[in-house]
There are 2 protein chains.
Amino acid sequence: MMPVNDKKMLSPALASSPGFLLNKAARTLRDAVTEALKPVGLLPPELGILRVVHDEEAAAQSVVAERCFLDRTTVTALIDNLEQRKLLVREASTTDRRQKIVRLTPLGRQILTRGSKAATRAQQEFFQIVLPEEWEVMRQCLVRYIEAVPAE
Amino acid sequence: MMPVNDKKMLSPALASSPGFLLNKAARTLRDAVTEALKPVGLLPPELGILRVVHDEEAAAQSVVAERCFLDRTTVTALIDNLEQRKLLVREASTTDRRQKIVRLTPLGRQILTRGSKAATRAQQEFFQIVLPEEWEVMRQCLVRYIEAVPAE
DNA sequence: TATTGTTATACTCTATAACTATA
DNA sequence: TATAGTTATAGAGTATAACAATA
């Protein structure tokens with residue numbers, strides 16, 4: 001029934017809304033990454049934690065939270081799961097007994113590698129649509145914006 | 001204690017990840033919009049629905065869902081709330097008795113206007129950081145990406 | 001058979017508040 | 001007093017599955 005125009009089109013009001021567009025694109029991309037990470041057994045924010053811990057070599061949870069721009073309670077929960085799966089360990093800090101230092105295990109490094117590859121694959125559809133020079137503009141804007149807005 | 005470097009910096013691994021950057025920027029902007037919409041009594045997705053219904057003048061819920069790129073069950077729930085608050089009405093379709101046609105009330109149009117202004121104000125911090133020509137690049141990329149990926 | 005709308009349910013992501021232990 | 005981490009809780013945003021009515 002109905003000779004439907006099969007092209008899905010955004011409502012004009014939404015096609016000019018930064019909030020809507022950023023949100024929907026982010027969700028679409030995250031769905032793709034989530035799917036690709038399933039066989040690896042990771043969720044996107046867990047991969048983020050592994051990446052940051054790897055970047056820092058070893059860091060207090062509070063530092064991880066700061067580098068991810070996430071609340072420390074969120075990081076605690078994510079690290080709980082990663083620790084249970086032996087992807088990282090919590091060590092006591094020698095200099096501040098309140099802190100827990102987080103470090104990747106060999107297994108964690110392996111899963112990080114697999115996860116990164118899977119995520120990269122999942123993002124290929126994005127990069128088939130967004131050209132490298134366009135992405136570089138976007139990337140710089142996004143980083144600037146994220147780092148400019150104070151974490152509440 | 002500690003002469004802390006107060007600049008919050010992203011972990012390098014995340015500063016090049018489209019998934020992470022899009023997600024975090026979207027959430028930051030949405031938090032700002034959510035805050036600005038509070039006095040108006042709207043959540044961001046509710047404003048989205050009002051905008052789309054206004055764009056379409058009057059439309060079946062399925063059309064609204066398609067134009068928002070949202071699932072129809074999500075739209076049902078959002079419209080439930082908006083209808084209870086008398087911001088829109090559901091009418092029976094004369095041509096297809098399965099459909100419900102949605103239309104803004106005068107109050108709905110008024111709230112839409114207030115909400116749009118509030119959202120625009122909230123996005124000013126974003127536009128202080130992202131230049132108009134940069135945003136135009138981003139906007140086109142985001143629209144292209146959203147419209148290219150088939151809704152699952 | 002396929003589509004519209006509804007309902008029940010569930011999941012991801014993330015935060016706030018209150019706490020303990022340190023500093 | 002302030003910070004690090006934990007726990008309990010909550011909420012926004014969105015989807016899937018199953019269903020009734022209709023096409």
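Each chain gets a letter, A, B and so on, in the order the sequences are listed, and its residues count up from 1. All figures in this text were calculated on a predicted structure; none of them were measured in a lab.
Nucleotide D:dG11 holds its C1' atom 10 Å from the CG atom of B:Leu43, rounded to whole Å. Atom P of nucleotide C:dT3 and atom CD of B:Gln61 are separated by 17 Å, given to the nearest angstrom. Remark: P of C:dT22 and CZ of A:Arg98 are 10 Å apart, rounded to the nearest angstrom. Separating the NZ atom of B:Lys38 from the C1' atom of D:dG11 is a distance of 11 Å, rounded to the nearest angstrom. Protein atom CG of A:Leu82 is 13 Å distant from nucleotide atom P of D:dT6, rounded to whole Å. We find that CG of A:Leu70 is positioned 13 Å from C1' of C:dT12, with the value rounded to whole Å. Rounding to whole angstrom units, CZ of residue A:Phe20 and C1' of D:dT14 are separated by 13 Å. D:dA4 atom C1' lies 13 Å from atom CD of A:Glu66, rounded to whole Å.
Mapping A:Lys100 and B:Thr95 onto DNA chain D via the closest heavy atom, the residue that lands nearer the 5' end is A:Lys100. Mapping A:Phe69 and A:Asp96 onto DNA chain C by nearest heavy atom places A:Phe69 at the nucleotide closer to the 5' end.
When each of A:His54, A:Glu57, A:Gln110 is checked for a side-chain contact (heavy atoms from CB on, under 4.5 Å) with A:Leu104, only A:His54 meets the rule.
Within the 4.5 Å cutoff, the side chain of B:Glu147 has heavy atoms near those of the A:Met9 side chain. Between B:Gln99 and B:Val63, the closest side-chain pair of non-hydrogen atoms is not below 4.5 Å.
Between D:dT14 and A:Arg27, a contact under 4.0 Å exists linking OP1 or OP2 to a side-chain N or O. Between B:Thr76 and C:dT6 there is a side-chain polar atom (N or O) within less than 4.0 angstrom of OP1 or OP2. Neither OP1 nor OP2 of C:dT14 sits under 4.0 Å from any side-chain N or O of B:Lys24. For the pair B:Asn23 and C:dT14, the criterion of a side-chain N or O lying under 4.0 Å from OP1 or OP2 is met. In this model, the phosphate group of C:dT6 is not approached by any side-chain N or O of B:Thr73 to a distance below 4.0 Å at OP1 or OP2. For C:dA23, neither phosphate oxygen OP1 nor OP2 lies less than 4.0 angstrom from any side-chain nitrogen or oxygen of A:Gln99. The side chain of A:Arg90 contributes no N or O atom lying less than 4.0 Å from OP1 or OP2 of D:dA4. Between A:Ser62 and D:dG5 there is a side-chain polar atom (N or O) within less than 4.0 angstrom of OP1 or OP2.
Side chain to side chain, B:Gln128 and B:Gln124 fail the donor-acceptor criterion of an N or O pair below 3.5 Å.
Using a 4.0 Å heavy-atom criterion, one finds that A:Ala77 contacts no nucleic acid atom at all.
With respect to the salt-bridge test (charged N to carboxylate O, under 4.0 angstrom), the residues A:Arg85 and A:Asp80 do not qualify.
The base of D:dG5 sits within donor-acceptor range of the side chain of A:Arg72, with an N or O pair under 3.5 Å.
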